Q: 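So that we are looking at the same thing, I have put the structure below in structure tokens.
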Amino acid sequence: VSDPGSSEFFVWTLFQQLVRRDFAIGLDEYGAVMQSLKAGFGWSSREDLKQVLCAVWASSREESKVVAALFDQYVVEDWDVAVASTAPVPIVDSTESSLGDSLPDGETPVQDGASAPVSATEEKIASSAVAPEITPTSRLPPLSMEDLPRLPYSHLFLPQYPVSYRLVAQAWRRLRWPLREGPAVELDVDATVARRARLGVGSIPVLRPRRRNQANLLLLVDRKGSMAPFHDYVSEVCTAIAQAGGLGRVGILYFHDTPLEGADLDALSSLDAASLPKLDRIVGHVPALTHGEFFTDPELLQPYPAERVFAEWTDDTAIVVVSDGGAARGRFDPARLLDCICSLKGLLTLSNRLVWLNPMPAASWGRSTAGQIARHVPMLPMDRDGMHRAVNVLRKQPFVVEHPLERGGQRLAQPDRAPALR
Amino acid sequence: MGQIELSLSYAEALDGLAEGTRQVERAKVREVPREHWQVDTVTAEVYKPGADLVRVTDLAIALQRPLLLQGEPGCGKTRLAHSLAYALRLPLEVAYVKSTSRAQDLLYTYDAVRRLYDSQLGENGPRASNGSALARDPGNYIELGPLGRAIARAEYGRRSVVLIDEIDKADLDFPNDLLWELDRMEFDVLEAPEKSGRAGNIRPIVVITHNEEKPLPPAFLRRCLYHYVDFPQTRAEVEQILQLHGITDQPLAAKAVEIIEALRKRDLTKKPGLVELIDWVRYGQARGVQPGELAKIPNMEVLLKDRTDQDRLRRETLVS
């Protein structure tokens, strides 16, 4: 844009807002809107213009709502088509009917104008069509509520999350476990050649199923309490993973505070005050929790026995625990820590691909229960970078934790290097 | 960025469009002829698009971008392409996407196995009209797909409408593999380069329907114009649609529209769409159902396709 001054065309501002919201649109799409305006679309009413923007820039109902809501924040005066067409036509000089609903004929030299630079159009629109006239007055006239123009909206709230739907999907698409499954549609060259060589005559080609991503993902999500502020964000992330992650099977189960409960708290009594907050001395001995309940609904009303989880999910399942681990309130609770550790030990008996996503930033984990959990399992913040690293961990890239949890003789991460790198 | 195409308008073509038949170039042919094409008689599509949909369609034609339609099942996404093709007198190439569809199938398929068989027959193999063996030329085993035919036709200066139905049924890669072809409207046939197609200034009009089963890749969505086909907003529109479908019993139609409006406001598992409504009223009219009887929702199986919805309504109508 040549002139980033006060008269910036609001459609351009709107476009930039959408780009910041991570809409998959580029200058081509901005140009497409300009071309449409030039061709006579979107002039008959406010709604008409909004529809053009939605059609070109949105690609789902949710996105349409965002475009429409942001559009409504700009108060554009509706004008009367009859009045407007008697005034000098701002854009297409050669056609008189271009402001109405009907399209100009193919014969009109609109296409010559189509190659003009976009910024020129924009300035024309900004200066001649949209900007309201201003008449200076010495003092403000009295204003009653009835005189105020009705705004086309009451309140506009649009959530904006730290990581957009698209970026979440991008991160989790990297979790791949391709297996051949489904109908045989792909040519197996080696097998075809081998069969031809063996039979000595022409034979039909050997087909095999295509590779599909069969990565299984189990999301265990903390709800209520200190997680309440993150509910919307967490459910947006979970939806994005489930819908767009392209994974084989995605399951979401909910819990409150600790994945499973019921660890024997007597174990804590053997610890002296000096060793707290660390539970390292007892971590090796406490039994894994494999009993208890998760919930299938976010309101924690429909219980789902943990035994079913262990029976239904395979040992290559990627497990993601989503919880602040007490970091939101910054408290340390040894009982909660013990429950968490025992639950995690239990989950590790199912699969050793496990990672903890924390919606609180890493700096806040420190002295809370979360800080201690992070010493035992890979814990990552729930931002873009954290999610990419979480997927790396689930893809079995090494991740160093201070005191990995034992898993039947195996260890979660590289135990040898852990103390040295502390 | 392409040129703006204003020579065609769906809105204008719909104006004064009468029922009947039209002569339109035959689609789905084995080879697209340069001239002297065959003609099919196409019957008018009984279809009443909303004003918004017509505008967006014209916008898509003008910007020469694919039009992506989403909406509840049975709201007429697919019918738009048929109506558009009829209104503009263009051949309609349809690609029904299946879970095993590959992007390439839309452009062309190469039957290597048949060529192998033919070549093994040697001298006795099938021959072309000029006497040479078919198997000598791989081009004989290339069959163009719907998009491929539309591009080939465009190369000869004729436009077509391409419908890619239920694109989300295919693999995630399917839409991505079509990006270049939809952008440039050209494709290469590796096995027989002379069969490649390039559309010039005349480009096919592409309509894509999408059922929200799987999200589409952003790079693909960016290139499309998006429109959500909603249930008609006003009663008058619904009544008009019913009338188009041969519902002459005005009081019956009015009452049915009232009931469907109430039903759609409720929290049903599957809301009845236009298709369901049309079937329901047509049957009611044929059976001579009185408008007053409709409140009990006879033959509700046509309207409600979910057991819990049916049970709920049955209980309520019994109580009342």
Side-chain angles (χ1 to χ4, degrees), chain A residues 22-29 31-36 38-42 44 47-48 51-52 54-61 63-64 101-108 110-111 113-115 118 165-166 169-170 173 182-183 185 187 196 201-205 210 212-213 240 243-244 246, chain B residues 1-12 15 51-65 67-68 70-71 98-102 105 112-113 116-121 171-173 183 201 210 212-228 230:
Chain A
D22 215 34
F23 271 52
I25 48 177
L27 279 177
D28 264 5
E29 281 63 43
V33 165
M34 287 303 126
Q35 279 193 325
S36 328
K38 213 179 267 188
F41 290 94
S44 64
E47 281 305 310
D48 196 18
Q51 205 192 7
V52 169
C54 284
V56 182
W57 289 345
S59 54
S60 67
R61 248 194 311 177
E63 285 192 1
S64 286
D101 261 340
S102 63
L103 293 173
D105 293 327
E107 260 81 87
T108 55
V110 176
Q111 290 180 345
S115 57
V118 163
Y165 185 95
R166 207 175 129 210
Q170 274 172 6
R173 255 180 226 148
V185 287
L187 179 68
R196 175 79 168 81
V201 291
S203 55
I204 56 164
R210 203 178 290 175
R212 281 162 207 268
N213 190 8
Q243 285 183 348
Chain B
M1 223 181 295
Q3 285 189 327
I4 288 277
E5 175 59 61
L6 291 176
S7 60
L8 289 173
S9 161
Y10 184 40
E12 283 172 20
D15 221 21
D52 288 351
L53 180 55
V54 175
R55 257 203 303 272
V56 173
T57 309
D58 272 341
L59 186 59
I61 296 172
L63 293 175
Q64 313 211 28
R65 287 181 177 234
L67 174 63
L68 178 70
Q70 226 183 36
K98 300 192 209 102
S99 61
T100 53
S101 295
R102 297 171 312 150
D105 299 343
V113 179
L116 188 68
Y117 280 143
D118 286 356
S119 70
Q120 282 183 337
L121 294 172
D171 211 52
L172 192 69
D173 297 327
D183 246 10
N201 284 334
H210 172 34
E212 289 182 271
E213 256 182 54
K214 276 182 236 159
L216 300 174
F220 177 79
L221 292 171
R222 189 168 70 80
R223 289 164 167 84
C224 298
L225 288 201
Y226 171 82
H227 184 73
Y228 190 89
D230 241 329

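Being a predicted model, the structure only gives us computed values, none of them experimental.
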Q: Using a cut-off of under 4.5 Å for heavy-atom pairs, which of P205(A), S60(A), A169(A), A58(A) has the most such pairs with chain B?
A: S60(A)
Q: Would you say the side chain of I204(A) lies within less than 4.5 Å of the side chain of Y117(B), judging by non-hydrogen atoms?
A: yes
Q: Taking C-beta and beyond as the side chain, do E29(A) and R65(B) meet within less than 4.5 Å on heavy atoms?
A: yes
Q: Given the options D52(B), D15(B), L67(B), L116(B), which has more heavy-atom pairs under 4.5 Å with chain A than any of the others?
A: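 The candidate making the most pairs under 4.5 Å is D52(B).
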Q: Contact part of R61(A) toward chain B, heavy-atom cut-off under 4.5 Å: side chain, backbone, both or neither?
A: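 The answer is both parts of R61(A).
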Q: Hey, could you give me the CZ/OG distance between R223(B) and S59(A), rounded to the nearest 0.5 Å?
A: 12.5 Å
Q: Please examine the side chains of R222(B) and D28(A), heavy atoms only from C-beta on, and report whether any two atoms are closer than 4.5 Å.
A: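 When only atoms from C-beta onward are counted, R222(B) and D28(A) do touch, with a gap below 4.5 Å.
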Q: With respect to S36(A), which candidate in L59(B), I4(B), L225(B), D58(B) satisfies the side chain to side chain contact (heavy atoms under 4.5 Å, CB included) definition?
A: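 In the set L59(B), I4(B), L225(B), D58(B), the residue that makes a side chain to side chain contact (heavy atoms under 4.5 Å, CB included) with S36(A) is L59(B).
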Q: Working to the nearest 0.5 Å, report the span between CZ of F23(A) and CG of L221(B).
A: 11.0 Å
